[in-house]
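In what follows, every heavy atom counts, from backbone to side chain, and hydrogens, waters and symmetry copies are set aside. Here the structure is a predicted model, which means the values were calculated and not measured.
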Amino acid sequence: MKIGILGPESSYSEKAANIWKAHLRTNLDISYLKDISEVFEVLQDNSIDYGVVPIENSIEGSVGVTLDMLLEHEFSIIGEVVVHIHHCLLSRGKKEDIRIILSHPQALAQCRHFIRKNYTDVETRTTGSTSHAAKLATEFSEMAAIASRQASESFGLDILAEDIQDWKPDLTRFVVIARKQDKAIQTCIHDCKTSIIVYLDRDHPGALYEMLGELATRGINLTRIESRPSKMSLGDYVFYIDMNGSIKDPDVKEALDNLNQNVYMLKNLGSYQSYMEE
């Protein structure tokens with residue numbers, strides 16, 4: 001059994017995967033992949049059994065590629081892990097040597113103020129993960145990476161600055177995904193979250209109100225709602241909704257059944273438990 005994550009070793013995705021494995025008391029081999037898209041692609045072709053991908057950050061918001069891939073693929077969310085993010089600036093060189101700062105786009109955005117204040121004239125470059133940035137930073141002393149403290153230990157880099165994210169706390173939600181036909185998937189029943197994607201198609205006054213009303217009248221608490229372009233036309237959107245409760249709950253099931261009859265598309269991503277890094 002294999003679980004795919006953003007590699008190389010010491011990425012925040014690896015931390016999320018290890019937390020999930022510990023709660024499940026299961027042992028899975030980790031496959032290190034180059035980016036979020038590859039996690040979905042490799043899961044699709046059966047080379048791995050599960051994937052762990054970031055979906056939302058408390059500073060920069062949602063990870064668009066993950067949302068898009070969840071819409072495009074027939075996968076289920078079977079778990080969620082919330083990880084504390086502590087970014088460090090890592091390098092072989094000294095602070096004054098740095099000419100290029102590397103990291104994942106989300107990490108660079110989360111440290112925007114730090115970079116602007118301390119490295120105004122430094123070039124920033126994006127990588128597939130924070131740990132990939134750390135690996136690249138080992139090549140030249142004028143390169144630095146924004147990554148975890150663990151990455152500094154894994155790649156032999158010095159920590160030039162710690163906790164450089166612009167806001168604290170900095171939290172990232174990761175989701176564990178699996179193929180829908182996986183017989184090992186069991187629907188969460190207690191203390192669950194359920195995620196859906198809804199496409200209205202028929203836009204009219206009160207359409208969003210009617211959709212949310214199906215949930216509100218049954219006392220279902222929404223933990224997140226977000227719109228994403230459908231990519232079919234300008235101003236056309238799909239809605240990503242997270243709610244407390246399980247699809248096994250009568251109220252949740254009834255609400256989703258009613259919604260399914262009145263929208264163009266409703267995609268149930270699954271009911272799952274959420275784990276928080278201690």
* Under 4.5 Å between any side-chain heavy atoms of Ile98 and Leu160, yes or no? -> yes
* To do: Applying side chain to side chain contact (heavy atoms under 4.5 Å, CB included), run through Tyr275 and Glu80 and close with a yes or a no.
  => CA-CA 6 Å; Tyr275 304 103; Glu80 174 187 274; over 6 Å; no
* To do: Scan for side chain to side chain donor-acceptor pair (under 3.5 Å) pairs involving residues 27-36, sequence neighbours excluded, and state none if there are none.
  => Glu14-Tyr32
* Asked: Is the shortest distance from a Lys or Arg side-chain nitrogen in Glu226 or Arg228 to a carboxylate oxygen in the other one below 4.0 Å?
  -> no
* Asked: Once you round to the nearest 0.5 Å, how far does CD1 of Ile85 lie from OG of Ser148?
  -> 9.0 Å
* Hey, would you say the Trp20 and Phe174 ring centroids sit under 6.0 Å apart? -> no
* Test log, rule side chain to side chain contact (heavy atoms under 4.5 Å, CB included), inputs Val63 and Asn57 -> CA-CA 8 Å; Val63 181; Asn57 175 261; 5.8 Å; no
* Structure fact -> dist Glu142:CD -> Asp97:CG (nearest 0.5 Å) comes out at 8.0 Å
* **Arg92 and Leu157, any side-chain heavy atoms less than 4.5 Å apart** => yes
* Passes side chain to side chain contact (heavy atoms under 4.5 Å, CB included), Val81 versus Glu277? Steps please. -> CA-CA 7 Å; Val81 181; Glu277 181 189 7; 5.7 Å; no
* **Spatial distance of atom CG (Leu71) from atom OH (Tyr240) [nearest 0.5 Å]** => 4.5 Å
* Asked: Can you find a side-chain donor-acceptor pair between Thr124 and Tyr119 that sits under 3.5 Å?
  -> no
* Asked: Is Ile30 close to Asn18 at the side-chain level, that is, under 4.5 Å between some pair of heavy atoms?
  -> yes
* Atom CG of Leu90 and atom CG of Leu102: how far apart are they, to the nearest 0.5 Å? -> 10.5 Å
* Structure fact -> Minimal heavy-atom distance between Tyr12 and Val83, with the atoms involved, is CD2-CG1, 4.4 Å
* For the student: nearest non-hydrogen atoms of Thr130 and Ser11, plus distance -> OG1-CA, 4.3 Å
* To do: Classify the ring geometry between Phe40 and His73 as parallel (under 30°), tilted (30 to 60°) or perpendicular (over 60°).
  => tilted
* Determine whether Val176 and Val52 make a side-chain contact, defined as any pair of heavy atoms from C-beta on separated by less than 4.5 Å. => yes
* **same_hphob_cluster(Ile55, Val82) at 4.5 Å side-chain heavy-atom cutoff** => no
* Between the side chain of Lys267 and the main-chain N/O of Leu70, is any donor-acceptor distance below 3.5 Å? -> yes
* Asked: Should the heavy atoms of other residues, nucleotides or ligands under 6.0 Å from NZ of Lys168 be counted, would the total exceed 12?
  -> yes
* Kindly indicate whether the side chain of Lys15, heavy atoms from C-beta on, has any atom under 4.5 Å from the side chain of Thr172. => no
* Structure fact -> In short, Asp166 meets His113 closest at the heavy-atom pair OD2-N, 3.0 Å
* Any side-chain heavy atom of Leu212 within less than 4.5 Å of one from Leu222? -> yes
* Determine yes or no for a side-chain-to-main-chain donor-acceptor pair under 3.5 angstrom, with Ser230 supplying the side chain and Asp236 the backbone. => yes
* **Salt-bridge criterion met for Arg173 and Glu56 (N-O under 4.0 Å)** => yes
* Indicate yes or no for a side-chain donor-acceptor contact from Ser129 to the backbone of Gly7 under 3.5 Å, with no hydrogens or angles considered. => yes
* Any side-chain donor-acceptor pair under 3.5 Å between Glu9 and Ser154? -> no
* If you look at every heavy atom in Ser47 and Lys2, which pair is closest and at what distance? -> O-CD, 3.9 Å
* So how far is it from Ser10 OG to Phe155 CZ, rounded to the nearest 0.5 Å? -> 5.5 Å
* Could you please spell out the steps behind the side chain to side chain contact (heavy atoms under 4.5 Å, CB included) verdict for Met265 and Ile197? => CA-CA 8 Å; Met265 182 275 292; Ile197 304 175; 4.2 Å; yes
* Asked: Crowded around Asp45 CG? As in, over 12 foreign heavy atoms under 6.0 Å?
  -> yes
* Check whether more than 12 heavy atoms from other residues, nucleotides or ligands sit under 6.0 Å from atom NZ of Lys117, and answer yes or no. => no
* Side chain proximity check, Met69 to Val53, heavy atoms < 4.5 angstrom -> no
Under 3.5 Å, side-chain donor or acceptor atoms of residues 134-141 against the rest of the protein: list the pairs with distances, not counting sequence neighbours.
from: Thr138; atom 1: OG1; to: Lys135; atom 2: O; distance (Å): 2.6

* Look at the aromatic rings of Tyr264 and Tyr199 and report parallel, tilted or perpendicular, splitting at 30° and 60°. => perpendicular
* Answer yes if Leu200 and Leu266 sit in the same cluster of Ile, Leu, Val, Met, Phe, Trp and Tyr residues linked by side chain heavy atoms under 4.5 Å apart, and no otherwise. => yes
* **Minimum heavy-atom distance Pro54-Leu6, with the two atoms named** => CD-CD1, 4.3 Å
* Any donor-acceptor pair under 3.5 Å linking the side chain of Asp249 with the backbone of Val252? -> no
* Check for a donor-acceptor pair, side chain of Ser91 on one end and backbone N or O of Gly93 on the other, with a separation under 3.5 Å. => yes
* For Asn221, what residues pass the side-chain contact (heavy atoms from CB on, under 4.5 Å) criterion, not counting sequence neighbours? -> Thr223, Asn244
* Gap between atom CZ of Phe75 and atom NZ of Lys180 - 0.5 Å precision -> 10.0 Å
* To do: Keeping the roles fixed (side chain from Gln110, backbone from Gln106), state whether a donor-acceptor pair exists under 3.5 Å.
  => yes
* Would Ile115 end up clustered with Ile100 when hydrophobic side chains under 4.5 Å apart are linked, directly or stepwise? -> no
* **Any donor-acceptor N or O pair under 3.5 Å, side chains Thr194, Ser271** => yes
* Asked: Is the shortest heavy-atom distance from the side chain of Leu256 to the side chain of Met243 under 4.5 Å?
  -> yes
* Asked: If Ile, Leu, Val, Met, Phe, Trp and Tyr residues are connected whenever their side-chain heavy atoms lie under 4.5 Å apart, and connections chain through other members, are Leu89 and Ile159 in the same group?
  -> no
* Would you call Arg224-Asp242 a salt bridge at under 4.0 Å N-O? -> yes
* Structure fact -> In terms of heavy-atom contacts, Val39 and Gly51 come closest through CG1-CA, 3.8 Å
* Can you hop from Leu259 to Tyr209 via hydrophobic side chains spaced under 4.5 Å? -> no
